[in-house]
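Written below as C-alpha cells is the structure these notes are about.
Since we're looking at a predicted model, the values are computed, not measured.
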Amino acid sequence: QVQLVESGGGSVQAGGSLRLSCAASGYTSSISYMAWFRQVPGKEREGVALLYTGDGSTYYADSVKGRFTFSRDNAKNTVYLQMNSLKPEDTAMYYCAATNSRLTVGSRFLIGQYNYWGQGTQVTVSS
C-alpha cells in the first residue's frame, strides 16, 4: 500500500505562483509513475503532469506546459508541482496520484490506471 498526502494549496492572484507537495509513504518502491490531476466541480478530473520514477522524466498537458514543473526529492519521498504564471482557469482541486502499472502514451492520464490518490488540495486563482 502507498499513502499520499498533498499540501501547499491556497489562494493567489493571477500571475502568481504556488508549490504543491505530495509526500508518499508505504511501499513507495513499487511506484512506477506519479501524476498530478485537477478537478473542477461538475467536470471530469484531468491529468496535468506526469513523472516516471525510473528516470525522473516528465510530461505535461498542453494547458500547463511551460508554466508548471514536476520534480521530486527521493530522500524525502516527496514530489512537487511548481506552478507559475497561474491563471484563473487553473482554479481546481489538485490531486496527487501514483501507480505501479506500466503506462502507455494513451493511458498516461487515465484515472483508472492509478491505484493511489491523495485527499486533494484546493488551488484558487483570482483575476
Side-chain angles (χ1 to χ4, degrees):
Q1 288 291 331
V2 173
Q3 296 78 43
L4 303 174
V5 178
E6 303 104 329
S7 60
S11 297
V12 65
Q13 289 194 325
S17 298
L18 283 173
R19 189 178 79 158
L20 306 183
S21 300
C22 175
S25 61
Y27 191 33
T28 57
S29 61
S30 68
I31 298 173
S32 53
Y33 293 88
M34 295 195 71
W36 287 95
F37 286 76
R38 66 186 182 186
Q39 189 170 24
V40 175
K43 292 191 175 182
E44 291 187 357
R45 192 169 296 189
E46 64 169 349
V48 297
L50 176 75
L51 183 144
Y52 173 51
T53 60
D55 61 6
S57 56
T58 54
Y59 174 84
Y60 301 93
D62 287 343
S63 57
V64 306
K65 197 174 298 182
R67 301 187 297 120
F68 289 13
T69 303
F70 198 166
S71 63
R72 63 179 176 174
D73 184 333
N74 289 334
K76 296 182 178 179
N77 279 336
T78 300
V79 297
Y80 305 96
L81 187 67
Q82 177 67 42
M83 306 185 295
N84 297 330
S85 302
L86 282 162
K87 305 175 182 179
E89 52 264 43
D90 294 318
T91 295
M93 183 72 78
Y94 282 72
Y95 296 91
C96 178
T99 181
N100 47 29
S101 299
R102 293 172 66 95
L103 299 180
T104 64
V105 170
S107 67
R108 55 167 64 110
F109 285 143
L110 288 182
I111 293 173
Q113 293 290 329
Y114 290 85
N115 319 67
Y116 309 105
W117 293 85
Q119 80 287 355
T121 186
Q122 178 67 36
V123 171
T124 302
V125 184
S126 58
S127 56

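- Taking the six-membered ring where the residue is Trp, Tyr114 and Phe37 present perpendicular rings, their angle passing 60° and hence far from 30°.
- Using a 4.5 Å heavy-atom cutoff, the side chains of Ser7 and Thr121 are not in contact.
- Residue Tyr52 comes nearest to Asp55 through the heavy atom pair CD2-OD1, 3.1 Å, listed as atom of the first residue, atom of the second, then distance.
- Exactly one residue among Asp90, Val125, Leu20, Thr69 makes a side-chain contact (heavy atoms from CB on, under 4.5 Å) with Met83. That residue is Leu20.
- Listed for the Thr124 side chain is no donor-acceptor partner under 3.5 Å among the backbone atoms of Thr91.
- For the atom pair Thr28 OG1 and Leu4 CG, the distance stands at 10.0 Å (nearest 0.5 Å).
- Between Cys96 and Met34, some side-chain heavy-atom pair lies under the 4.5 Å cut-off.
- For Thr104 (side chain) and Ser107 (main-chain N/O), a donor-acceptor pair under 3.5 Å exists by modelled atom type.
- In this structure, OH in Tyr27 is found 12.0 Å from CD in Gln1, a value given to the nearest 0.5 Å.
- Note that CE of Met93 is 8.5 Å distant from CD of Gln119, once rounded to the nearest 0.5 Å.
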Which is it for Ser21 and Lys76 under the side chain to side chain contact (heavy atoms under 4.5 Å, CB included) test, yes or no, and what are the steps along the way?
-> CA-CA 11 Å; Ser21 300; Lys76 296 182 178 179; over 6 Å; no

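- Distance check, rounded to the nearest 0.5 Å: NZ of Lys65 to OG1 of Thr58 gives 10.0 Å.
- The aromatic rings of Tyr94 and Phe68 are tilted relative to each other, their planes meeting at an angle between 30° and 60°.
- Taking CD from Gln82 and OG from Ser17, the interatomic distance works out to 5.5 Å, rounded to the nearest 0.5 Å.
- No continuous path of hydrophobic side-chain contacts links Phe109 to Phe70 [ILVMFWY only; heavy atoms under 4.5 Å].
- Arg45 CZ to Trp117 CH2: the interatomic distance, rounded to the nearest 0.5 Å, is 5.0 Å.
- Nearest heavy-atom pair across Gly10 and Leu18 is O-CD1, 3.8 Å.
- Of all heavy-atom pairs between Gly56 and Arg72, the closest is N-NH2, 3.4 Å.
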From CA spacing to verdict: side chain to side chain contact (heavy atoms under 4.5 Å, CB included), Tyr95, Glu6 | CA-CA 7 Å; Tyr95 296 91; Glu6 303 104 329; 4.0 Å; yes

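- Asn115 is listed as a side-chain neighbour of Asn100, based on a closest heavy-atom distance under 4.5 Å.
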Are Val2 and Ser30 close enough, and set up right, to give a side chain to side chain contact (heavy atoms under 4.5 Å, CB included), and what steps lead you there?
-> CA-CA 9 Å; Val2 173; Ser30 68; 4.2 Å; yes

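- Leu51 and Tyr59 fall into different hydrophobic clusters, where Ile, Leu, Val, Met, Phe, Trp and Tyr are joined by side-chain heavy atoms under 4.5 Å apart, directly or via other members.
- Linking ILVMFWY side-chain heavy atoms closer than 4.5 Å, directly or via other members, places Trp36 and Tyr60 in a single hydrophobic cluster.
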Check step by step if side chain to side chain contact (heavy atoms under 4.5 Å, CB included) holds for Leu86 and Gln13.
-> CA-CA 8 Å; Leu86 282 162; Gln13 289 194 325; over 6 Å; no

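- Shown here for Lys43 and Gln39, the closest heavy-atom pair between the two residues is O-NE2, 3.1 Å.
- Gln113 and Arg102 make their closest contact through OE1-O, 4.4 Å (heavy atoms, listed as atom of the first residue, atom of the second, distance).
- Under the 4.5 Å side-chain heavy-atom criterion for Ile, Leu, Val, Met, Phe, Trp and Tyr, Val123 and Leu81 are members of the same hydrophobic cluster.
- Tracing side-chain contacts under 4.5 Å through hydrophobic residues (I, L, V, M, F, W, Y), one never reaches Val64 starting from Tyr80; they form parts of separate clusters.
- Shown here for Ser127 and Ala14, the closest heavy-atom pair between the two residues is CA-CB, 4.3 Å.
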